[in-house]
Amino acid sequence: MSEPSFQDDVLNELGDDRLTEIAGLLGTDTNGARDTVATTVGAMTGDLQQKADADDDDGNEVRQAFAEVTQAPLEGVATLGGGLGGMLSGGMMAGVLAKVSKPVANAVSKKTGIPAPTVARVIELLIPVLLAVFAKRAAGKAGGAGAGAGAGSPTAAGGESPIPSPGAVPGAAAGAAPAGPAGAAPAGGGSLGDLLGQILGGGKK
């Protein structure tokens, strides 16, 4: 089953109105804006993956931010909207994205010829969208199957209660998810890299 790339998800989440706004910023049409967004998102996700692999403070911060993203929807199985709302207000990931925005703006500027300050403004518009896509992808990859089972079929998620206890969630997700590694990723710290790859998907472009 083919699934949309991370860039596709961001463009879908962005919507026509904000894409038109970005096109206005760039002085181009929506196709040009789409290309620039895809390039910028690819650079940002590539940078995040690189940082997450590093064994330093930046790496720790990025890994913690992704852990926060994956846990927000899982903790709020019954009120997923509330979990996403919390993510949209920022959290660690907003700070991480803001931190990478300057080097990414410079890199994209070099690649495309668009002035770095203009790219930086595009990134500002993209950060809330990226947060929403991260949260949705994390919910789908790490807890989607378990959360779905918890809401619709109590027995599939644990047998006792429609809302599994926080401790049971990773197990329920692992049991219900068709792909073992995807379901098990949140439980094992060593497999955070796998989860990163799943959330970022087509980030390497």
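The first residue of the sequence shown is numbered 1, and numbering continues consecutively from there. Heavy-atom basis, side chains included; hydrogens, waters and symmetry copies ignored.
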Item to complete: Please report the closest heavy-atom contact between Ala138 and Val69, naming both atoms and the distance.
Response: CB-CG1, 3.7 Å
Worksheet item: Do Leu130 and Leu97 come close enough that some side-chain heavy atom pair is under 4.5 Å?
Response: yes
Worksheet item: Between Gln7 and Val37, is any pair of side-chain heavy atoms under 4.5 Å apart?
Response: no
Fill in: Lys99 side chain near Asp58 side chain, heavy-atom distance below 4.5 Å
yes
Item to complete: Enter the distance from Met92:CE to Gln64:CD here, rounded to the nearest 0.5 Å.
Response: 4.5 Å
Fill in: Pair Leu14-Leu126, side chain to side chain contact (heavy atoms under 4.5 Å, CB included): steps then yes or no
CA-CA 8 Å; Leu14 195 62; Leu126 288 177; 3.9 Å; yes
Worksheet item: Minimum heavy-atom separation for Ala33 to Leu19, with atom names?
Response: CB-O, 3.8 Å
Discussion item. Give me the atom names and distance for the closest heavy-atom approach of Ala120 to Ala105.
Written reply: N-CB, 3.9 Å
Item to complete: Please indicate whether Asp55 has more than 12 foreign heavy atoms, meaning atoms of other residues, nucleotides or ligands, lying under 6.0 Å from its CG.
Response: no
Item to complete: Spell out, as yes or no, whether a donor-acceptor pair under 3.5 Å connects the side chain of Asp47 to the backbone of Ala43.
Response: no
Practice prompt. Would you please test Asp16 and Thr30 for side chain to side chain contact (heavy atoms under 4.5 Å, CB included) and show each step?
Written response: CA-CA 8 Å; Asp16 292 340; Thr30 49; over 6 Å; no
Worksheet entry | Thr28 side chain to Ala23 backbone, donor-acceptor under 3.5 Å | no
Worksheet item: Is it the case that more than 12 heavy atoms not belonging to Asn31 sit under 6.0 Å from its CG atom?
Response: yes
Worksheet item: So, Glu13 side chain and Val133 main chain: donor-acceptor pair closer than 3.5 Å or not?
Response: no
Discussion item. Please determine whether a side-chain nitrogen of the Lys or Arg among Arg137 and Asp9 lies less than 4.0 Å from a carboxylate oxygen of the Asp or Glu.
Written reply: yes
Worksheet entry | Evaluation steps, side chain to side chain donor-acceptor pair (under 3.5 Å), between Asp17 and Thr20 | CA-CA 5 Å; Asp17 288 349; Thr20 304; 5.4 Å; no
Worksheet entry | Identified side chain to side chain contact (heavy atoms under 4.5 Å, CB included) counterpart of Val10 within the set Thr40, Val41, Thr45 | Val41
Worksheet item: After noting the C-alpha distance and the side-chain angles of Ile22 and Leu125, does the key distance pass the side chain to side chain contact (heavy atoms under 4.5 Å, CB included) rule?
Response: CA-CA 8 Å; Ile22 288 171; Leu125 290 172; 3.7 Å; yes
